[in-house]
J.: 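Please find one structure pasted underneath; my questions will follow.
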Amino acid sequence: MAIKYIPEPFRIKSVEPLRMLSRDERCRKIKEANYNLFHLRGEDCYIDLLTDSGTNAMSLEQWAGVMRGDEAYAGASSYYKLIDAGKDIFDFGYIQPVHQGRAAEKVVFPLLLGKGKFAISNMFFDTTRAHVELTGARCIDCVVAAAKDPAKRVPFKGNMDVAKLEALIAEHGAENIGLIVMTITNNSAGGQPVSMENMREVAKIARKHKILLDIDAARYAENAFFVQRDEPGYADKSIKDIVREMFSYGDLFTMSAKKDAIVNMGGLIGVKDASSPLVFKIKANCISFEGFYTYGGLSGRDLEALAIGLYEGIDNDYLRYRIGQMEYLASRLDDAGIRYQSPVGGHGVFVDAQAMLPQIPYNEFPGQVLAIELYKEAGIRSCDIGSYMLGNDPDTGKQLHADFEFTRLAIPRRVYTQAHIDIMADALIAIKKRAGDIKRGYRITWEPPILRHFQAFLEPIA
Ligand SMILES: *Cc1c(COP(=O)(O)O)cnc(C)c1O
């Protein structure tokens, strides 16, 4: 029996029409898109779950903030409002706006990484991995083993494997580790949270070896909600207090604000110690790549909406509803025997495509196969989080074999209703019934060298 859906803690004031194409049209559109869902037009998707990034619905306070945005080139009041919010919530000395998460990575990583260096993470997000590799450094994922077993229901599957982290530092030498990156929540492992205890242990190791600890903080609020719900000792703490404690363990953070800060565009860099020499270097890179340091590639109105969104994102009622949507969808999949990264994480349901399509090998991309089927079935756009996304080894050019093959249904914030979520569940159930008829996957006919999944062309294997 599906669990109860938690009602929306808001009502709807502005609506955006949706259109469902016929099945024939959808089959034609996906072929024209070279079987890459990123090449589809948004208007051809009935329910768009490609990402929860920048696809969120802003509140009336945020839209009012858009009108109040101060467009001064330097020192806009919206900038100061954002800095005050950032310092209040994260308790960091220096806050730098940038236009999105990967801009933060582009500004910061070349200052700390380069050829011969390594960065170690509980798991790198795709653009984060790319920006490490663009500096010439190499990435090492170090997530706990439980993350690799989607059926295993244990809390905090996003955690760093601390024993392995120590071993990796010993193996490569602390002086060669440019950065430890803690991704909260762990996006690539299925939006799985990191516990406070794990963060504390990782910070201790980083400090012992004098390695900087960067929080990849896109989903800081959802992570805090899981800590409050599942970690002993945190049930009575506010989300804000949990966020502040979590950030107290980091030296810096890089953040895509397009997720938990509920804006359509924006990002942040934080440096704990405002007197760090890193601050001047960040400002200099920011001015070259993004814009003057008081706007960082954003309009004043974006800064204003972000300052408001940072607070809306840590509201307990909102978070309960938000995570409740995931739990509702997951419970419907449980009823149907459909496997996913469980327990369900923060920003979407990561369906175990390998379990649904055991006949499709990793190099024919089961996660991508299921994503294409979902589009054909119900006009739902999702994406592969598996070997297709992971890409090729940067040194050998060989296709990497991912630890899991997921199809991610990322749920935009405050956008879809219970009826939409039922359509997602019904579509997956319909595909599961005919999954045995899908004999082969896809091959890539063209790909760029880095972040290939955004642009590649594919074709069905006959
Ligand atoms: C989205 C995301 C990024 C990159 O942010 P963009 O705003 O998309 O550039 C980096 N890390 C994580 C964990 C993310 O989810």
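By convention here, the first residue in the shown sequence is residue 1.
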J.: Hey, are Tyr375 and Arg26 close enough side-chain-wise for a donor-acceptor pair under 3.5 Å?
T.: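 No pair is found: no donor N or O on one side chain lies under 3.5 Å from an acceptor on the other.
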
J.: Do Phe406 and Pro150 come within less than 4.5 Å of each other through their side chains, counting heavy atoms only?
T.: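 In short, these two side chains touch, coming nearer than 4.5 Å.
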
J.: Just verifying a value: how many Å separate Ile89 CD1 and Ile239 CD1, rounded to the nearest 0.5 Å?
T.: 12.0 Å

J.: Looking only at side chains, do His347 and Asn187 share a donor and an acceptor under 3.5 Å apart?
T.: yes

J.: Could you tell me if Asp393 and Gln399 have a donor-acceptor pair between their side chains, going purely by distance under 3.5 Å?
T.: no

J.: Would Val202 and Ile205 count as a side chain to side chain contact (heavy atoms under 4.5 Å, CB included) if you check the C-alpha gap in whole Å, the side-chain angles of each, and the deciding distance to 0.1 Å?
T.: CA-CA 5 Å; Val202 169; Ile205 293 168; 5.6 Å; no

J.: Run the side chain to side chain donor-acceptor pair (under 3.5 Å) test against Tyr328 and tell me which residues pass, sequence neighbours left out.
T.: Gln418, Asp422

J.: Should Phe118 and Leu113 be marked as a side chain to side chain contact (heavy atoms under 4.5 Å, CB included) after you check the CA-CA gap, both sets of side-chain angles, and the distance that decides it?
T.: CA-CA 7 Å; Phe118 294 88; Leu113 296 168; over 6 Å; no

J.: Measure across Ile262 and Ala57 and return the closest heavy-atom pair with its distance rounded to 0.1 Å.
T.: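 Taking every non-hydrogen atom into account, CG2-O, 3.7 Å.
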
J.: State, yes or no, whether a side-chain contact exists between Val263 and Asn56 at a heavy-atom distance under 4.5 Å.
T.: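 A side-chain contact is absent here, since even the closest heavy-atom pair is not under 4.5 Å.
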
J.: For the CZ atom on Arg301, are there more than 12 heavy atoms of other groups (residues, nucleotides or ligands in this structure) within a distance under 6.0 Å?
T.: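 No, because the 6.0 Å sphere around CZ of Arg301 holds 12 heavy atoms or fewer from other groups.
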
J.: Any chance the side chains of Thr185 and Asn223 put a donor and an acceptor closer than 3.5 Å?
T.: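 No.
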
J.: Tell me whether the centres of the aromatic rings in Phe109 and His131 are closer together than 6.0 Å.
T.: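 No, they do not, as the ring centres are separated by 6.0 Å or more.
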
J.: Can Ser22 and Glu25 be counted as having a side-chain donor-acceptor contact under 3.5 angstrom?
T.: yes

J.: Roughly how far, to the nearest 0.5 Å, is the CE atom of Met356 from the OG1 atom of Thr407?
T.: 8.0 Å

J.: Report the C-alpha separation of Asn159 and Gln192 in whole Å, then their side-chain angles, then the decisive distance to 0.1 Å, and conclude whether the side-chain hydrogen bond (donor to acceptor under 3.5 Å, both in side chains) test is met.
T.: CA-CA 8 Å; Asn159 280 353; Gln192 295 293 316; over 6 Å; no

J.: Does the pair Glu312 and Arg413 meet the rule for a salt bridge (charged side-chain N to carboxylate O under 4.0 Å, His left out), with working shown?
T.: CA-CA 11 Å; Glu312 291 185 359; Arg413 292 167 184 76; over 6 Å; no

J.: Hey, what's the ring geometry for Phe247 with Phe90, parallel, tilted or perpendicular (30° and 60° as the breaks)?
T.: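 Aromatic pair Phe247/Phe90 classed tilted.
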
J.: Looking only at non-hydrogen atoms, find the nearest pair between Asp126 and Leu451 and report the distance.
T.: O-CD2, 3.6 Å

J.: Within 45° of the six-membered ring axis of Phe125 and under 6.0 Å from that ring's centre, is NZ or CZ of Lys259 located there?
T.: yes

J.: Do the non-hydrogen side-chain atoms of Leu374 and Arg381 ever get within less than 4.5 Å of each other?
T.: no

J.: Using a strict 4.0 Å threshold on nitrogen-to-oxygen distance, state whether Asp251 and Lys272 make a salt bridge.
T.: no

J.: Does atom CZ of Arg41 have more than 12 heavy-atom neighbours from other groups under 6.0 Å away?
T.: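 It does not: Arg41 CZ has 12 such atoms or fewer within range.
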
J.: Looking at Lys157 and Val143, would you say the former's side chain and the latter's main chain have a donor-acceptor pair under 3.5 Å?
T.: no

J.: Would a 4.5 Å heavy-atom cut-off, applied to side chains only, mark His99 and Lys258 as touching?
T.: no

J.: In sequence, state the C-alpha distance, the side-chain angles, and the governing distance for Tyr35 and Tyr442, and then conclude on ring-ring contact (aromatic ring centres under 6.0 Å, His included).
T.: CA-CA 8 Å; Tyr35 299 97; Tyr442 291 81; 5.2 Å; yes

J.: Could Asp260 and Arg322 be called an ion pair, given the rule that one side-chain N must be under 4.0 Å from one carboxylate O?
T.: no

J.: At their closest point, which heavy atom of Ile120 faces which heavy atom of Cys142, and how far apart are they?
T.: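 Shortest heavy-atom contact: CG2-CB, 3.8 Å.
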
J.: Can His453 and Phe38 be said to form a side chain to side chain contact (heavy atoms under 4.5 Å, CB included), step by step?
T.: CA-CA 8 Å; His453 53 295; Phe38 285 95; 4.2 Å; yes

J.: Going by an N to O cut-off under 4.0 Å, is there a salt bridge joining Arg332 and Glu327?
T.: no

J.: Measure the spacing between CD1 of Ile380 and CG of Asp48 and express it to the nearest 0.5 Å.
T.: 10.5 Å

J.: Check the side chains of Gln325 and Tyr416 for a donor-acceptor pair under 3.5 angstrom, ignoring hydrogens and angles.
T.: no

J.: Looking only at side chains, do Glu8 and Tyr5 share a donor and an acceptor under 3.5 Å apart?
T.: yes

J.: Hey, is Arg200 close enough to Glu245 for a salt bridge, meaning N to O under 4.0 Å?
T.: yes

J.: Take the angle between the ring planes of Tyr321 and Tyr318 and call it parallel below 30°, perpendicular above 60°, tilted in between.
T.: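 The rings of Tyr321 and Tyr318 sit tilted, inter-plane angle from 30° to 60°.
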
J.: To the nearest 0.5 Å, what is the distance between CE on Met182 and CD1 on Ile215?
T.: 8.5 Å

J.: In terms of side-chain geometry, is the basic nitrogen of Arg443 or Glu459 positioned less than 4.0 Å from the acidic oxygen of its partner?
T.: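 Result for this pair is yes, salt bridge flagged.
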
J.: Looking at Asp395, I'd like to know if its CG atom is crowded, meaning that more than 12 non-hydrogen atoms belonging to other residues, nucleotides or ligands lie closer than 6.0 Å.
T.: yes

J.: Does the side chain of Asn392 come within less than 4.5 Å of Arg452's, by heavy atoms?
T.: yes

J.: Look up atom NZ in Lys81 and atom CD in Glu304, then write down how far apart they are to the nearest 0.5 Å.
T.: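 Interatomic distance, Lys81 NZ to Glu304 CD, rounded to 0.5 Å: 4.0 Å.
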
J.: Looking only at heavy atoms, which two atoms of Leu306 and Ala257 are closest? And how far apart?
T.: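 Scanning both residues completely, I find the closest heavy atoms to be CD1-CB, 3.4 Å.
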
J.: Report yes if the side chains of Ile323 and Phe226 come closer than 4.5 Å at any heavy-atom pair, otherwise no.
T.: yes

J.: Hey, are the side chains of Lys439 and Ile461 touching, using non-hydrogen atoms and a 4.5 Å cut-off?
T.: no

J.: Between Asp241 and Tyr234, do the side chains contain a donor N or O and an acceptor N or O under 3.5 Å apart?
T.: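 Not at all, the side chains of Tyr234 and Asp241 share no donor-acceptor pair under 3.5 Å.
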
J.: Might you point out which heavy atoms bring Arg408 and Ser382 nearest each other, and give the distance in Å?
T.: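 Nearest pair, atom of Arg408 first, then Ser382: O-CB, 3.2 Å.
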
J.: Test salt bridge (charged side-chain N to carboxylate O under 4.0 Å, His left out) on Arg138 and Glu133; report intermediate values, then the result.
T.: CA-CA 6 Å; Arg138 290 292 174 255; Glu133 290 174 358; 5.3 Å; no

J.: What are the two closest heavy atoms between Phe124 and Ser188, and how far apart are they?
T.: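 Heavy atoms of Phe124 and Ser188 come nearest at O-OG, 3.3 Å.
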
J.: When you compare the side chain of Val194 with that of Met160, does any pair of heavy atoms fall below 4.5 Å?
T.: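 They are not in side-chain contact.
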
J.: To the closest 0.5 Å, what do you measure between CD1 (Ile95) and CG (Asp88)?
T.: 10.5 Å

J.: Any chance you could lay out the side chain to side chain contact (heavy atoms under 4.5 Å, CB included) test for Trp446 and Leu458, step after step, and finish with the verdict?
T.: CA-CA 7 Å; Trp446 175 82; Leu458 299 100; over 6 Å; no

J.: Are Lys164 and Glu171 ion-paired here, with the side-chain N under 4.0 Å from a carboxylate O?
T.: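 Salt bridge absent between Lys164 and Glu171.
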
J.: Assess whether a salt bridge exists between Asp52 and Arg219, defined as any Lys/Arg side-chain N lying under 4.0 Å from an Asp/Glu carboxylate O.
T.: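 Salt bridge: yes.
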
J.: List for me each residue that meets side chain to side chain donor-acceptor pair (under 3.5 Å) alongside Thr127, sequence neighbours excluded, and say none if there are none.
T.: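 Thr127 satisfies side chain to side chain donor-acceptor pair (under 3.5 Å) with Glu105 only.
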
J.: Is a donor from one side chain sitting under 3.5 angstrom from an acceptor on the other, for Glu405 and Ser387?
T.: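 A pair is found: one side chain offers a donor N or O, the other an acceptor, under 3.5 Å apart.
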
